[in-house]
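In what follows, a structure is listed as structure tokens, so that the remarks can point back to it.
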Amino acid sequence: MRLLVTGGCGFIGSNFIRYYLKNYPKVSIINVDKLTYAGNLENLSDLSHSPRYHFIRGDIAEAARMEELIRKGVDAIVNFAAESHVDRSIEDPGAFMRTNIFGTFALLEAVRKVFPGQKIRFLHISTDEVYGSLGETGAFTEETSLAPNSPYSASKTAADMMVRAYYHTYGLPTVITRCSNNYGPHQFPEKLIPLMVSNAMEDKELPMYGDGMYIRDWIYVEDHCRALDQVLRQGREGEVYNIGGGSERTNLYVAKSILDRLGKPHSLIRFVADRPGHDRRYAIDFSKIKRELGWTPTVSFEQGINQTIEWYQTHREWWKKIKTGEYLDYYKRMYQDR
Ligand code: NAD
Ligand code: TYD
């Protein structure tokens with residue numbers, strides 16, 4: 001089996017590629033990644049000599065190039081490629097529209113051009129953020145209406161709708177997954193957990209938006225990868241599968257857990273101005289994937305956060321290299337005036 005993975009040099013994509021090659025000795029993977037600020041070749045440097053792994057620098061929005069690649073023989077596509085950070089989408093939404101919407105459309109077009117001669121399964125990686133925000137109770141199901149609130153989630157919603165349309169209109173074998181907040185090794189230190197872990201390790205302040213009582217459902221990235229594996233192999237065409245960690249925590253709880261584990265004082269937490277349009281709470285009902293595919297998360301938040309902190313402690317070089325130059329400019333813009 002030959003898999004085309006897009007955005008494989010990012011956080012979840014690189015974890016997925018490593019997971020897949022380890023568990024499926026007969027699978028080979030082509031990874032197409034544009035190498036934006038979030039794409040990092042070091043995330044997969046251990047695989048650079050593997051005959052079953054091939055990296056191509058490319059943009060999913062280049063439909064003709066994607067078609068050319070696909071025609072060489074691909075059985076399935078897993079589309080991770082995206083601009084993924086909400087704060088950046090607030091600052092500059094353009095890139096989100098281009099990659100998340102137009103890029104997904106271009107990739108779908110490439111698949112349509114070779115169809116039905118080549119029947120390529122298209123697994124599109126989406127997010128629970130397409131459902132908007134929850135009140136104090138309840139959880140998102142696959143039937144919850146879509147109500148995105150940020151340019152990021154709006155662009156992901158548009159992509160989901162395009163994937164859905166290509167299934168209904170052209171019969172492309174597509175599946176969509178919508179997962180909650182991931183954490184684990186190789187996550188870019190702009191997202192809450194790696195930002196707070198690395199800042200705490202450097203005795204820097206932990207910027208807490210608003211009152212800190214915003215709730216996210218946290219899933220360890222390997223649990224997500226296992227779910228994607230099952231959906232890729234057994235998910236029903238045209239369906240959506242929610243994936244969640246069953247670990248709702250407030251941001252304040254997450255920050256304090258990190259500080260406690262690192263033996264740092266809670267006084268490092270600095271309350272800063274809130275994010276505009278900030279979704280209050282996410283929670284996932286993952287009973288569909290559990291019922292149909294037998295998947296459940298296996299890593300508790302406590303276990304996962306310990307493993308994650310340990311990874312950032314033993315891979316200082318990895319994040320120190322990122323937290324220079326352009327990143328520092330971003331950090332200043334994001335936090336200086338808050
Ligand atoms: P990331 O930002 O770490 O990685 C994105 C990758 O995509 C990078 O390697 C980047 O270089 C690449 N990329 C960007 N634009 C591209 C383009 N035009 N062509 C080719 N490659 C391009 O993101 P992530 O956190 O690994 O998220 C991966 C996917 O999972 C995204 O689609 C995201 O929406 C989704 N998702 C993420 C989370 C989360 O908690 N991180 C949760 C649910 C869903
Ligand atoms: P984030 O990791 O950006 O993921 P998302 O916005 O996609 O859920 O943020 C997770 C939560 O943490 C969200 O409620 C915003 C909050 N947050 C902070 O309080 N401080 C920060 O520095 C960051 C990056 C996020």
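In listed order, ligands and their atoms are each counted from 1.
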* If you measure from each heavy atom of Y152 to ligand 2, is any distance below 4.0 Å? -> no
* Asked: Does ligand 2 have a heavy atom under 4.0 Å from the side chain of T127, from its backbone, from both, or from neither?
  -> neither
* Just jot down the ligand 2 atoms closer than 4.0 angstrom to any heavy atom of E190, in number order. => 24 (C)
* **E129 to ligand 2, any heavy atom closer than 4.0 Å** => yes
* Between the side chain of T99 and the main-chain N/O of E83, is any donor-acceptor distance below 3.5 Å? -> no
* Looking only at non-hydrogen atoms, find the nearest pair between L3 and M1 and report the distance. => CD2-CE, 3.8 Å
* Residue N181 vicinity, atoms of ligand 2 by number, heavy atom under 4.0 Å -> 4 (O), 5 (P), 8 (O)
* atom 8 (O) of ligand 2: nearest protein contact (heavy atom, Å) -> R216 NE, 2.7 Å
* **Any donor-acceptor N or O pair under 3.5 Å, side chains E205, Y335** => no
* Ring geometry between F286 and W295 (parallel below 30°, tilted from 30 to 60°, perpendicular above 60°) -> perpendicular
* Asked: What orientation do F140 and Y282 show, parallel under 30°, tilted 30 to 60°, or perpendicular over 60°?
  -> tilted
* Could you find the nearest protein heavy atom to atom 3 (O) of ligand 2 and give me its residue, atom name and distance? => R275 NH2, 3.0 Å
* Asked: Ignoring hydrogens and geometry, is there a side-chain-to-backbone donor-acceptor pair from K156 to I125 under 3.5 Å?
  -> yes
* Asked: Does a donor on one side chain sit under 3.5 Å from an acceptor on the other, for H85 and Y330?
  -> yes
* Is H278 in polar range of ligand 2, meaning some N or O pair under 3.5 Å apart? -> yes
* Structure fact -> If we number the atoms of ligand 2 from 1 as shown, the ones under 4.0 Å from a heavy atom of V86 are 6 (O), 7 (O)
* Structure fact -> So the atoms of ligand 2 within less than 4.0 Å of a heavy atom of P207 turn out to be 18 (C), 19 (O), 20 (N), 21 (C), 22 (O)
* To do: Please confirm whether L195 comes within less than 3.5 Å of ligand 2 when only nitrogen or oxygen atoms on both sides are compared.
  => no
* To do: Verify the distance criterion only: is there a donor paired with an acceptor across the side chains of T298 and D223 at less than 3.5 Å?
  => yes
* Hey, which of Y19, W311, Y183 is the one that makes ring pair (Phe, Tyr, Trp, His ring centres under 6.0 Å) with Y220? -> Y183
* Asked: What residues come within 4.0 Å of ligand 1, counting heavy atoms only?
  -> G7, C9, G10, F11, I12, D33, K34, L35, T36, A38, G39, G58, D59, I60, F80, A81, A82, S84, T99, I125, S126, T127, Y152, K156, C179, S180, N181, N182
* May I ask you to check whether W318 and N43 show a side-chain donor-acceptor distance below 3.5 Å? => yes
* **Distance filter under 4.0 Å to H85 heavy atoms, resulting ligand 2 atoms** => 3 (O)
* Asked: Looking just at side-chain N and O atoms, do N199 and K264 make a donor-acceptor pair shorter than 3.5 Å?
  -> no
* To do: Note the single closest protein heavy atom to atom 2 (O) of ligand 2, along with its residue, its atom name and the distance in Å.
  => L192 N, 2.8 Å
* Asked: Can you tell me which residue and heavy atom of the protein come closest to atom 12 (O) of ligand 2, and the distance to 0.1 Å?
  -> N251 ND2, 3.3 Å
* Asked: How close does the nearest protein non-hydrogen atom get to atom 19 (O) of ligand 2, and which residue and atom is it?
  -> Y209 N, 2.9 Å
* Ligand-residue contact atoms, ligand 2 with Y335, heavy atoms, under 4.0 Å -> 21 (C), 22 (O), 24 (C)
* To do: Mark up the atoms of ligand 2 that fall under 4.0 Å of a heavy atom belonging to M208, in ascending order.
  => 19 (O)
* Plane angle bin for H278 and Y214 - parallel if under 30°, tilted between 30 and 60°, otherwise perpendicular -> parallel
* **Short side-chain donor-acceptor distance under 3.5 Å, Y166 and E109** => yes
* Determine whether the aromatic ring centres of F115 and Y170 lie less than 6.0 Å apart. => no
